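A short worksheet on the structure shown next.
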There are 2 protein chains.
Amino acid sequence: MPSLRHTIADDLRGQIFTGRLKAGERLPSEPRLAADYKVSTPTLRNALSLLQAEGLIEKIHGKGNFVRHPLRRLTYTGGRLTPDADLHVTIRTTHLRARGDLIPLLKVPSRTPLTEFLYLTHQGQRPHSLARIYVPRDLGSAQLLWRRSGVEESRDKISARRPTPEEASTLRISSTLAVLSITRVSTDTTGRVVEAALLVLPSDRAEALFVTHNTANARGQYG
Amino acid sequence: MPSLRHTIADDLRGQIFTGRLKAGERLPSEPRLAADYKVSTPTLRNALSLLQAEGLIEKIHGKGNFVRHPLRRLTYTGGRLTPDADLHVTIRTTHLRARGDLIPLLKVPSRTPLTEFLYLTHQGQRPHSLARIYVPRDLGSAQLLWRRSGVEESRDKISARRPTPEEASTLRISSTLAVLSITRVSTDTTGRVVEAALLVLPSDRAEALFVTHNTANARGQYG
DNA sequence: GAGTGGTCTAGACCACGAG
DNA sequence: TCGTGGTCTAGACCACTCA
């Protein structure tokens, strides 16, 4: 027994996939759609919220509901994202001092001088994903620091979560669309943390891939 | 300006974290809570749905809303989950033939005989996570096949998504709680796929960790 | 100011669970 | 049968965007 909102969402989803509703296009207003489908506005809005959680539409207060442009799906592989000519990256550099979670992450004392690189990736005008990279400021030139050699080990911790309100607005995604959160900590031969990267990749446009060789670690135990 | 539903959700969340509402406990009925907070039932339900999406409460139709037991947080590391004495695994073995997505995944012809191992992990009475493992049936004994040696390379593909309706009901999670989806494909020296594992790990109880050594691949490029 | 989405109300009726 | 949550209605009022 399909609920009304799912029926409506299925219909609109179909229109998006078949191209009857094109990327960037504005949907009819909510009262209009509610009348078309012969449902109340809360029910119609409920249907739209399903599509929003899937990343198919974007709601803009005061303007309307818009079909999202499908964004390129990136693969994060062993510390790097697949480069893509369509994607434009802006980097903002900030100096700050270690506090909160950064202290255990970088294994530095409180208030240690750090450099933050804020990577914001756009595809055209649309925000795609973001990353924050922290480096102890005494490690040398800030210019291409993240390309340095001397990294002996990297640990990638991957989890799924909902975006913070700031992330949701920066990336213009629904707060109900999950993100892949990747924390990568790189250490040198002495065990010192050289860099910590916090990536936020919306789940509709990113996946991570890790390749492991050597038999020793490849035996599974899925308990 | 905080909305009513967030205010209510914050209050209930606080009661859960401080232990005023204990794990397994039933919340007052929705009309009761709506009266206590002096809001309409849709608004109260909206607040509860926020907690549900966070995995804090479980709604059971006809019975009530219950505070979830916090489940152990597992780490998936290099092909295995951290073993834990509290967790009980049941395995169901099924014989089937390759079809659909399994064909390209295992790189086998259609209708190739396969063995499926369905791993269902429980913590006490509560489902925790699940995995499906597929092995070509001609590879030998099905008993401990996934412990075999001979694996030369493993590829872990990790994404975040919402659970399918089946997964949501099996794991008793909200369909709005994201899961980490891990697909691990293991190949032997000849490039033949020896095993494909599909893990479904609810985001509130799992993360993945990958450790990379060697400088060569450790230089980041976060574009 | 006109039109849009955001929030909320006060109900109605249905479906499920347990006694 | 009774109490529970699930769905839906037909509005009201507020906040935002743009002309």
Side-chain angles (χ1 to χ4, degrees), chain A residues 1-12 21 24-68 125 162-163 165 168-170 172-177, chain B residues 1-12 21 24-68 125 163 165 168-169 172-177:
Chain A
M1 42 210 65
S3 59
L4 280 178
R5 63 171 185 279
H6 282 113
T7 309
I8 296 169
D10 289 348
D11 182 60
L12 290 170
L21 286 169
E25 191 173 339
R26 212 206 80 174
L27 273 62
S29 74
E30 297 184 351
R32 176 77 249 153
L33 284 171
D36 290 349
Y37 285 111
K38 302 192 200 307
V39 295
S40 66
T41 43
T43 299
L44 187 277
R45 283 176 52 75
N46 204 320
L48 293 183
S49 76
L50 296 175
L51 301 178
Q52 188 193 20
E54 297 168 22
L56 286 178
I57 67 168
E58 179 176 2
K59 311 194 65 121
I60 304 183
H61 193 168
K63 296 182 72 174
N65 298 294
F66 296 83
V67 180
R68 291 195 73 114
Q125 300 302 314
R162 295 148 80 82
S169 73
T170 301
R172 295 176 68 87
I173 58 177
S174 159
S175 67
T176 58
L177 175 65
Chain B
M1 39 209 60
S3 60
L4 280 179
R5 62 172 184 281
H6 282 113
T7 309
I8 295 169
D10 289 347
D11 182 59
L12 290 170
L21 287 168
E25 192 173 338
R26 212 206 83 174
L27 272 62
S29 75
E30 296 182 352
R32 175 75 250 156
L33 283 171
D36 290 348
Y37 285 111
K38 302 190 198 312
V39 296
S40 65
T41 43
T43 299
L44 188 276
R45 283 176 53 74
N46 204 319
L48 293 183
S49 76
L50 296 175
L51 300 179
Q52 190 192 18
E54 297 168 23
L56 286 178
I57 67 168
E58 180 177 1
K59 311 193 64 117
I60 304 183
H61 192 168
K63 295 184 69 175
N65 298 292
F66 297 83
V67 180
R68 291 195 74 114
Q125 300 302 314
S169 72
R172 296 176 67 86
I173 58 176
S174 159
S175 69
T176 58
L177 175 66

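Heavy-atom basis, side chains included; hydrogens, waters and symmetry copies ignored. Note on naming: letters A, B, ... go to the chains in the order of the sequence lines (proteins, then strands), and numbering restarts at 1 for each one. What you are looking at is a predicted structure, and each value in this text was computed from that prediction instead of being measured.
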- Message: If I take atom NZ in residue K38(B) and atom P in nucleotide dT9(C), what distance separates them, rounded to the nearest angstrom?
- Response: 12 Å
- Establish, with yes or no, whether the OP1 or OP2 oxygen of dG6(D) is under 4.0 angstrom from a side-chain nitrogen or oxygen of S3(A). no
- Just checking R45(A): base, sugar-phosphate only, or nothing, at a heavy-atom cut-off of under 4.0 Å? base
- Does atom CZ of R172(B) have more than 12 heavy-atom neighbours, drawn from other residues, nucleotides or ligands, at distances under 6.0 Å? no
- Are any of T41(A)'s side-chain N or O atoms less than 4.0 Å away from OP1 or OP2 of dG11(D)? no
- Task: Write down the distance between CD (E30(A)) and P (dG5(C)), rounded to a whole number of angstrom.
- Result: 4 Å
- Please report, rounded to the nearest Å, how far the C1' atom of dT4(D) is from the CG atom of L44(B). 13 Å
- Task: Could you tell me whether the side chain of L21(A) reaches within less than 4.5 Å of the side chain of F66(A), counting heavy atoms only?
- Result: no
- Heavy-atom nearest nucleotide on DNA chain D taken for L4(A) and for G62(A); more 5' hit belongs to L4(A)
- Options dA10(D), dC16(D), dA18(C), nucleotide nearest the side-chain atoms of S40(A): dA10(D)
- Selection from dT9(C), dG5(D), dA15(D) that lies nearest to any side-chain heavy atom of V39(B): dT9(C)
- Message: Base, sugar-phosphate or nothing for N65(B)? Non-hydrogen atoms, less than 4.0 Å.
- Response: sugar-phosphate
- Message: What's P31(B) touching, base or sugar-phosphate or nothing? Going by heavy atoms closer than 4.0 Å.
- Response: sugar-phosphate
- Query: If you find the nucleotide of DNA chain D closest to P42(A) and the one closest to I60(A), which residue's nucleotide is nearer the 5' end?
  - Reply: P42(A)
- Item | Length of the line joining E58(B):CD and dG6(D):C1', which is rounded to integer Å | 16 Å
- Per the side-chain hydrogen bond (donor to acceptor under 3.5 Å, both in side chains) rule, which among E30(A), Q52(A), R45(A) passes with N65(A)? E30(A)
- Is R26(A) touching bases, backbone alone, or none of the nucleic acid, heavy atoms closer than 4.0 Å? sugar-phosphate
- Item | Side-chain donor/acceptor of T7(B) to backbone N/O of S3(B), under 3.5 Å | yes
- Of the listed nucleotides dA18(C), dC8(D), dC8(C), the one nearest the side chain of K63(B): dA18(C)
- Roughly, in whole Å, what's the span from CG in N46(B) to P in dC8(C)? 8 Å
- Query: Should R68(B) and E25(B) count as an ion pair when the cut-off is N to O under 4.0 Å?
  - Reply: no
- Task: Rounded off to whole Å, could you give me the CD1-to-C1' distance for the I8(B) and dT7(C) pair?
- Result: 12 Å
- Message: Please report the distance, rounded to the nearest Å, between NZ in K59(A) and P in dC16(D).
- Response: 16 Å
- Query: CG of L48(A) versus C1' of dC8(D): gap in Å, rounded?
  - Reply: 16 Å
